[in-house]
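Data block below; observations after.
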Amino acid sequence: MRKYVLLLLLSIYGCANAQNLIQNPSFEEWSQPCNYSYDCPYIRLSLKQSHSGSWVNNWYLNNDFRHHGRSYYSTVMRNGKTYVHNTTYPNLLLHTSNNIPIPQSRGGITHLAFFVLQNFYPVTASGICTTLHKDIWVDLIGNKLKDTVKTGDYCGFFYARADSRNTFRFKSIGIFLKEDSLYQPFGPNVNYTNADLPSIGHVVLINDSASINQSAEWKKISFKTTITNGNYTMLYLGWLEPNINDNFSSIVDSTGALVLIRCGINQIPISFASIFYIDDVHFFRCSDTVFSVHLPADTVLCDGDSLVLTPTVIDSLYALENETRSYLWSTGDTTPTITVTQPGSYWVRVTIDGEFTAWSDTIHVGFISDFVTTALPHPDTICEGLSAQLAVQVPAGMPGITTVWSTGDTAYAITVQEPGTYTAYTYNECFAHTDTFTLYTRFCWDKEQAFTTLYIPNAFTPNGDGRNDCFQVVGDNLSSYQIQIFSRWGELVYQSDDVSQCWDGTHRGRPVPDGVYLYVIRHTDRHGNPMPVRRGEIRLYR
């Protein structure tokens with residue numbers, strides 16, 4: 001028994017039905033240096049770790065969004081470069097340069113770094129820090145979308161990780177949609193706070209602190225929202241918790257902390273920083289085709305074999321990676337694969353992360369059955385100089401069966417004169433059978449002794465496939481021959497006096513129906529002696 005296994009292949013291709021609305025989602029595209037001014041045309045995100053001063057395309061830093069203070073610490077980091085660190089405090093994050101060792105991007109060479117600061121203000125001039133007042137500085141960065149976001153369900157995801165040296169955990173992060181930019185390029189700056197955002201746009205809060213504060217690896221963070229009356233052209237990422245307050249975080253002061261500033265003779269810390277990295281941002285209509293599912297092409301197997309079906313999932317947008325999948329097959333199975341042992345049509349539905357579903361194409365599986373051959377009766381011995389007919393009978397209505405004789409003939413019946421052993425090899429794509437015939441000759445004193453042989457098939461299939469399309473009687477040592485074929489109602493549908501002619505299953509030029517037909521054969525031997533009348537049935541299959 002053979003077993004066919006079709007392996008799962010994951011490939012990433014584009015799909016016309018799926019579109020990521022985020023431009024430059026991985027922060028990989030940047031332009032020449034741009035002045036940090038209104039004519040950028042927006043204040044763009046700086047590409048740090050590069051001395052060229054390039055600016056990241058299509059991403060904009062809103063320099064005037066505040067929560068108790070100004071935010072200007074978002075930046076795009078580039079792999080492979082770091083700066084000189086403070087020798088006294090190796091992990092010191094300097095307020096003036098923002099230079100820190102950074103992790104590798106998830107893909108490519110760039111990714112976004114959010115800096116969240118918590119400050120403690122000294123209240124005296126003596127240099128002694130107090131905790132009477134605290135200030136939290138947060139970030140908000142925007143992207144000009146490829147298309148306007150209107151009514152409907154929208155989905156998205158991005159990859160995030162935190163810095164292992166963070167001094168406090170993040171509570172949440174959010175997505176904010178707005179009709180236009182928060183930043184006014186040619187006019188006065190507009191000072192928004194978290195409390196203002198719900199009234200001027202659409203806010204989606206992502207509260208998954210376990211994922212947001214993951215420091216060991218990049219992790220996918222997904223979200224979904226319903227827009228009921230939208231006309232948004234800008235998407236912002238940032239800390240958008242409306243109820244954020246000065247006590248939302250837990251400070252952990254240690255020698256490994258990213259300390260911004262220390263004050264006073266005793267070096268009491270007054271500022272702490274935590275960093276949140278983002279890469280590969282996606283935002284799209286939930287109805288988009290984010291992946292497709294395929295099964296192999298139609299196939300035919302041999303009886304007794306089996307086929308393991310495994311769907312091929314082709315990614316078009318969703319960034320398939322460590323996702324959860326569920327399956328529903330046309331058989332009712334819910335396993336990732338099924339084993340096919342019966343003919344039929346099969347499909348599968350794949351759902352990813354409980355949100356996105358795609359159906360596969362349908363595979364049609366057929367099976368080739370085994371068959372039985374019958375060696376028809378034949379004389380063991382014939383007189384020298386005469387001939388004998390050897391024939392095999394195969395099942396009627398079973399396509400794809402071929403017979404090859406040891407003589408090279410490919411008919412079901414052959415006529416031979418020489419003694420010897422003859423073999424008929426009958427086969428289809430899966431199975432084969434061999435029939436052996438042995439023929440002897442002898443000297444006959446009576447040279448006029450008659451030997452008459454008829455081979456009469458019991459079925460034929462006039463379907464135009466080139467095999468068994470015609471009903472033909474094979475005979476030898478005949479001097480006369482006549483065949484008549486009647487329908488079940490006694491109508492004569494065919495007759496002939498020529499044994500070399502065959503019936504093609506038509507009457508008066510039109511095909512006759514499937515069914516059983518009766519034949520009558522009258523013949524004489526080569527001396528003209530009448531032979532017994534032969535009567536029987538033949539089955540016609542289309």
Item to complete: Tell me, with the steps shown, if Arg285 and Leu21 meet side chain to side chain contact (heavy atoms under 4.5 Å, CB included).
Response: CA-CA 9 Å; Arg285 283 187 175 273; Leu21 299 178; 5.6 Å; no
Discussion item. Between Met234 and Glu179, does the side chain to side chain contact (heavy atoms under 4.5 Å, CB included) criterion hold? Intermediate values first, please.
Written reply: CA-CA 6 Å; Met234 294 291 296; Glu179 292 187 4; over 6 Å; no
Worksheet, complete the sentence: To the nearest 0.5 Å, atom OG of Ser292 lies from atom CG of Asp361 at 9.0 Å
Worksheet entry | For Ile278 against Ile173, the heavy-atom pair lying closest together | CD1-CD1, 3.9 Å
Item to complete: Would you sort out whether Thr335 and Asp333 count as a side chain to side chain donor-acceptor pair (under 3.5 Å), showing the intermediate values?
Response: CA-CA 6 Å; Thr335 53; Asp333 292 289; 4.9 Å; no
Fill in: ring-ring contact (aromatic ring centres under 6.0 Å, His included) partners for His202, two or more places apart
none
Worksheet, complete the sentence: The salt bridge (Lys or Arg N to Asp or Glu O under 4.0 Å) partners of Glu355 (sequence neighbours excluded) come to Lys224
Worksheet item: Where do Leu309 and Trp329 land on the side chain to side chain contact (heavy atoms under 4.5 Å, CB included) test, with the steps shown first?
Response: CA-CA 10 Å; Leu309 289 181; Trp329 293 86; 3.9 Å; yes
Practice prompt. Name all residues meeting the salt bridge (Lys or Arg N to Asp or Glu O under 4.0 Å) criterion together with Asp514; count only those two or more places apart in sequence or in a different chain, and write none if there are none.
Written response: Arg542
Worksheet item: Of all residues at least two apart in sequence or in a different chain, which pass the side chain to side chain donor-acceptor pair (under 3.5 Å) check with Thr233?
Response: none
Worksheet item: For Phe283, which residues count as a ring-ring contact (aromatic ring centres under 6.0 Å, His included) partner, sequence neighbours excluded?
Response: Tyr154
Item to complete: Could you grab the distance from atom CD1 of Ile363 to atom CG of Asp298, nearest 0.5 Å is fine?
Response: 6.0 Å
Response to the item:
Taken in chain and number order and not counting sequence neighbours, the residues that satisfy side chain to side chain contact (heavy atoms under 4.5 Å, CB included) with Ser360 are Val293, Leu295, Trp347, Val348
Worksheet item: Is there a side-chain contact between Ile227 and Thr225 (heavy atoms, below 4.5 Å)?
Response: yes
Practice prompt. Would you mind reporting whether Arg467 and Ile401 have side-chain heavy atoms less than 4.5 Å apart?
Written response: no
Fill in: All side chain to side chain donor-acceptor pair (under 3.5 Å) counterparts of Thr351, not counting sequence neighbours
Thr357
Fill in: Heavy-atom pair with the smallest gap, counting every atom of Trp359 and Arg349
CZ2-CD, 3.2 Å
Worksheet entry | Listed partners of Thr461 passing side chain to side chain contact (heavy atoms under 4.5 Å, CB included), at least two apart | Asn463, Asn468, Tyr541
Fill in: From CA spacing to verdict: side chain to side chain contact (heavy atoms under 4.5 Å, CB included), Val350, Tyr327
CA-CA 5 Å; Val350 179; Tyr327 302 83; 3.8 Å; yes
Discussion item. Contact between Trp30 and Thr110 at the side-chain level, heavy atoms closer than 4.5 Å - yes or no?
Written reply: yes
Discussion item. Between Phe176 and Ile200, is there a side-chain heavy-atom distance shorter than 4.5 Å?
Written reply: yes
Worksheet item: Hey, does the side chain of Asn143 reach the backbone of Gln23 with a donor-acceptor pair shorter than 3.5 angstrom?
Response: yes
Item to complete: Locate the shortest heavy-atom distance separating Ser105 from Trp218; write the atom from each residue and the value.
Response: C-NE1, 3.7 Å
Response to the item:
One should read off an interatomic distance between Phe291 CZ and Ile314 CD1, to the nearest 0.5 angstrom, of 11.5 Å
Worksheet item: What are the two closest heavy atoms between Ile175 and Leu237, and how far apart are they?
Response: CD1-CD2, 3.0 Å
Item to complete: Could you check if a side-chain atom of Val300 sits within less than 4.5 angstrom of a side-chain atom of Cys430, using non-hydrogen atoms only?
Response: no
Worksheet, complete the sentence: Minimal heavy-atom distance between Arg161 and Phe276, with the atoms involved, is O-CD1, 3.6 Å
Fill in: side chain to side chain contact (heavy atoms under 4.5 Å, CB included) against Pro399, all qualifying residues, sequence neighbours excluded
none
Worksheet item: For the residue pair Pro311 and Pro336, what are the closest heavy atoms and their distance?
Response: CD-O, 3.3 Å
Discussion item. Side chains of Arg325 and Leu320, heavy atoms from C-beta outward: is any pair under 4.5 Å?
Written reply: yes
Discussion item. Taking the basic N atoms (NZ, or NE/NH1/NH2) and the acidic carboxylate oxygens, is any pair closer than 4.0 Å for Lys178 and Asp180?
Written reply: yes
Worksheet item: If you round to the nearest 0.5 Å, how far is CG of Leu145 from CD1 of Ile22?
Response: 5.0 Å
Worksheet item: Is a side-chain donor or acceptor of Asn24 paired with a backbone partner of Asn57 at a separation under 3.5 angstrom?
Response: yes
Worksheet entry | Partner residues of Phe356 under the ring-ring contact (aromatic ring centres under 6.0 Å, His included) criterion, sequence neighbours left out | Phe284, Tyr318
Fill in: Interatomic spacing from OG in Ser330 to CD1 in Ile338 - rounded to 0.5 Å
6.0 Å
Practice prompt. Without swapping roles, check the side chain of Ser316 against the backbone of Thr289 for a donor-acceptor pair under 3.5 Å.
Written response: yes
Worksheet item: Can you name the residues that form a side chain to side chain donor-acceptor pair (under 3.5 Å) with Thr337, not counting sequence neighbours?
Response: none
Discussion item. I want to check something: taking the side chain as every heavy atom from C-beta on, are Ile109 and Glu28 in contact at a cut-off of under 4.5 Å?
Written reply: yes
Worksheet item: Partners of Asp303 by side chain to side chain donor-acceptor pair (under 3.5 Å), sequence neighbours excluded?
Response: Ser369
Item to complete: Hey, could you give me the CG/CZ distance between Asn58 and Phe27, rounded to the nearest 0.5 Å?
Response: 11.0 Å
Discussion item. Within the structure provided, determine whether Ser26 and Asp280 are in side-chain contact (heavy-atom separation under 4.5 Å).
Written reply: yes
